Amino acid sequence: MEGKCEDNKVSKPNPWPYMNIGSLTVSFFTKLATAGIIWGWGYLNLSIGWLIAPIALAAWKSERRKDNELKTITAQASVMAKEKELVMSRLDELPSWVYFPDFDRAEWLNKVLYKVWPSINHFARELCKQSIEPAIVEKLVEYKIKGFQFERLVLGRIPLKIYGIKAYDKNTTRNEVIVDVEVMYAGDCDITFSVGNIKGGIKDFQIRGMMRIVMKPLLSSMPIVGGVQAFFLNPPAVNFNLVGVADVLDLPGFNEILRKTIVEQIAAFVVLPNKIVIPLCETVPVESLKIPEPEGVLRIHVVEAKNLMKKDIGMLGKGKSDPYAIINVGAQEFRTKTQVNTVNPKWDFWCEAVICSCIMQKAMVFLWDRDASIPCVQYDDFLGRATIEVSRVKKKGSIDTWVSLEQAKHGMVHLRLTWFQLSKNVADLKAALIETQELRVTSMSTALLIVYIDSAKNLPCVRGNKQPDVYLEASVGGNTKRTSTMLRSCDPVWEQGFTFLVSNPETGALYIKITDEKTTSVVGELNYNISLLLKQNNLEISQQPYDLQTTEVDSKLILSMSLNILKYEEPEPTSEEDDDDYDINQLNKRIERQESNISNTFSSSLPPSPLKRQASKESVNSFTHSTGSGAAIGSEELVAVNEEAIVTNAAPSSRTGSPQLIHRNLSVTSSAGDYKLGRIQMSLRYNIQRQKLIIVIHKIANLPLPQNDPHNIPDPYVKLYLLPDRHKETKRKTAVMKDNCNPIFDEQFEYVVSQGDLNTRTLEVSVCTQKGWLSAGSNVMGQVHLTLSEMDITKSTTSWYDLQPETKD
């Protein structure tokens, strides 16, 4: 009994636990050493300038570590959180089933993952050692870093979590099942590696993205599904921290190179057009699962950008920027040239991307400011991002639009995108060649070549009669693709497929080279004229053996090839109401048509006499008051001379009361508004499918001149906030128009906001003037506050709004 009582007795908490004493001791000696170094530095009369660099480096590392720790804690908390806690977290961390009703929760699947996680852990370890580690080693050699290898790789106890799942029943064939899964891993992994004599580790590894799982072909017998394909539609977000000795080298250099290499290799392994393929049935040919299956080709023309942020520091404050653009479509990446010292760069850059899945895939354009850097390491500043859904381009055929930059205060980029279908008709080649000649861009393509490398037979041995470690390289034009290395094999089996864009299949050629990795000697070569495919049935050959050019033995290479002609087809016309595209140029044309209709109405129904015009205006006002407060009067029901039809959300109030929003529906204005501060024309629309609030700032009319200085013409710009969040993430800003009381902007801005959250938001639109160096006070010339819950913005609305006096928080 006594023993039991001792075991169950509650012990008092130790006020000085071991961990607290240890951390206190480390902190004490750290501060003591710092003070000693500073004292000794002064005692020896050394220059304080030598301490600036290490202190700045220590501060930089400290802030970076805090930021990474915050991201890690947030990610792990969202993985482990319950439903109520998750819904109350930050908007950008919410799972997809909150945003999109067609995504389902998958808690049952997360419970299954928890059970099978140890087995997945073992599979991931083998996958990294066999596939990812050799690719990282090869990539690091480009940076003169050798000897990389994983020593320990454990994914930890916290499993992968599925945030949402969606199964497709449309836009799919009858022989496949397509499922999209939003996955996130933010576990307690234990990864150690070595680079030469340097040993380090990776902790807090995180990855989040949308993964697609395709099960095909469907069979009439077990196992029902012939194979599984898994891949990310777009590059996932990857983050991690270095620990151990490598943390000492967490400097701008080693860390950035390693981070960039790991992200690139993940993309090269599991981001489209790359896939993980798992055959499930021996009767299904592996070729049908592993051969590339492109849907079409997306041609991208990055024309120019305007009103970018200024990131460079000049002698008199902020200068300009040195912008360049990086275009990502899945794992495919392209980069423009750098335009020096400008915020309005003109690139005229063309590129083409092979699209393997239109559904949910995006073309993303990232804008950066090029800064001076250490070799292989960049310190470039982010200028914003533009995103275009590939499905929209396929639906419209071509898009020519200005896109507002996300994650930036202001800036727009001009993009032209064209969708090309794949044709098996040789007659379509002539039209494709004529089109590329008219573009006068030599890098554009007219055909797409698919090559599937199956295997090789009877390759010659290398010196000493040893079996070679061979890999294959296939080239078309200047584009080269490489297979994995097959160790010690004269009969290697690769089973890898590649796609090549061909400028002219009548003159193009496919060159294949098989190389021994150890000796770098060529063990076999093949040259094939692509024009021969034009004579084949359906422009393809399947599992054909070809003789290799070797020195000794009769070697064969077994491959399949398929040629597709790029063909542009005009899409079926769709009504503007059904169109998801929200283009400023189209919107302006609609506004002009509206202006023309209104002008015709004015000229046909109103007398020219000033006296009659006044009488007509008074009758309009009497009609407005007779409808009562809160009445909404459409522009079709109300006509005034040289003035707009007035629509008020509330009855007119006195000047001393709270200002009411005055909303005018026509596009031509000749007055300064109810408060004599001018008017602003805007278009608003909410896209339910894309969960985006779209605002277009068209123009401002009749801004007043300062009474104390009528010669000081304002330099206006428009600033937006999506309240109640008044911070830089919701701030948007137009360009500044110099010396202009009637500026025209035509700039588009977007906010990603859920439909449920939209009713709690207020859009604050402020018209400001650029302030001088020594000016004081507010620079806001007028404001408009739009309560989104009181507006029907599911359809685009274009209106004039009277500017009101600034409202202080």
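This one's a predicted model, so the numbers in the text were calculated from it and none came from an experiment. Atom set for the values below is all heavy atoms of this structure, side chains included, hydrogens, waters and symmetry mates excluded.
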With sequence neighbours excluded, residues passing side-chain contact (heavy atoms from CB on, under 4.5 Å) with [X]:
X	value
Leu280	Pro223, Val225, Val228, Ile278
Asn425	Ser423, Ala427, Asp428
Gln421	Trp419, Glu569

Between [X] (side chain) and [Y] (backbone), is there a donor-acceptor pair under 3.5 Å?
X	Y	answer
Asp454	Ser560	no
Arg212	Met360	no
Asn121	Leu155	yes
Thr446	Ser503	yes
Gln332	Val354	yes
Asn328	Glu333	no
Asp516	Asp469	yes
Glu570	Gly397	no
Thr387	Met364	no
Asn175	Pro217	no

Report the residues that fulfil side chain to side chain donor-acceptor pair (under 3.5 Å) with [X], sequence neighbours left out, ordered by chain and then residue number.
X	value
Ser489	none
Asn274	none
Trp494	Thr483
Thr485	Arg482, Glu517

How far does [atom1] of [X] sit from [atom2] of [Y], to the nearest 0.5 angstrom?
X	Y	atom1	atom2	result
Leu501	Cys351	CG	SG	10.5 Å
Ser555	Lys457	OG	NZ	12.0 Å
Tyr528	Ile541	OH	CD1	4.5 Å

Just grab all the salt bridge (charged side-chain N to carboxylate O under 4.0 Å, His left out) pairs involving [range], residues at least two apart or on different chains.
range	answer
residues 213-234	Lys216-Glu293
residues 489-499	Lys290-Glu495
residues 108-128	none
residues 555-564	Asp547-Lys556

NZ (Lys430) with more than 12 external heavy atoms under 6.0 Å: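 No - once you tally the heavy atoms of other residues, nucleotides and ligands closer than 6.0 Å, there are 12 at most.
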Ring pair (Phe, Tyr, Trp, His ring centres under 6.0 Å) against Phe334, all qualifying residues, sequence neighbours excluded: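 If we apply the ring pair (Phe, Tyr, Trp, His ring centres under 6.0 Å) test to Phe334, skipping adjacent residues, there are no hits.
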Single hit among Phe150, Phe148, Phe240 for ring-ring contact (aromatic ring centres under 6.0 Å, His included) with Phe193: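 The option that passes is Phe148.
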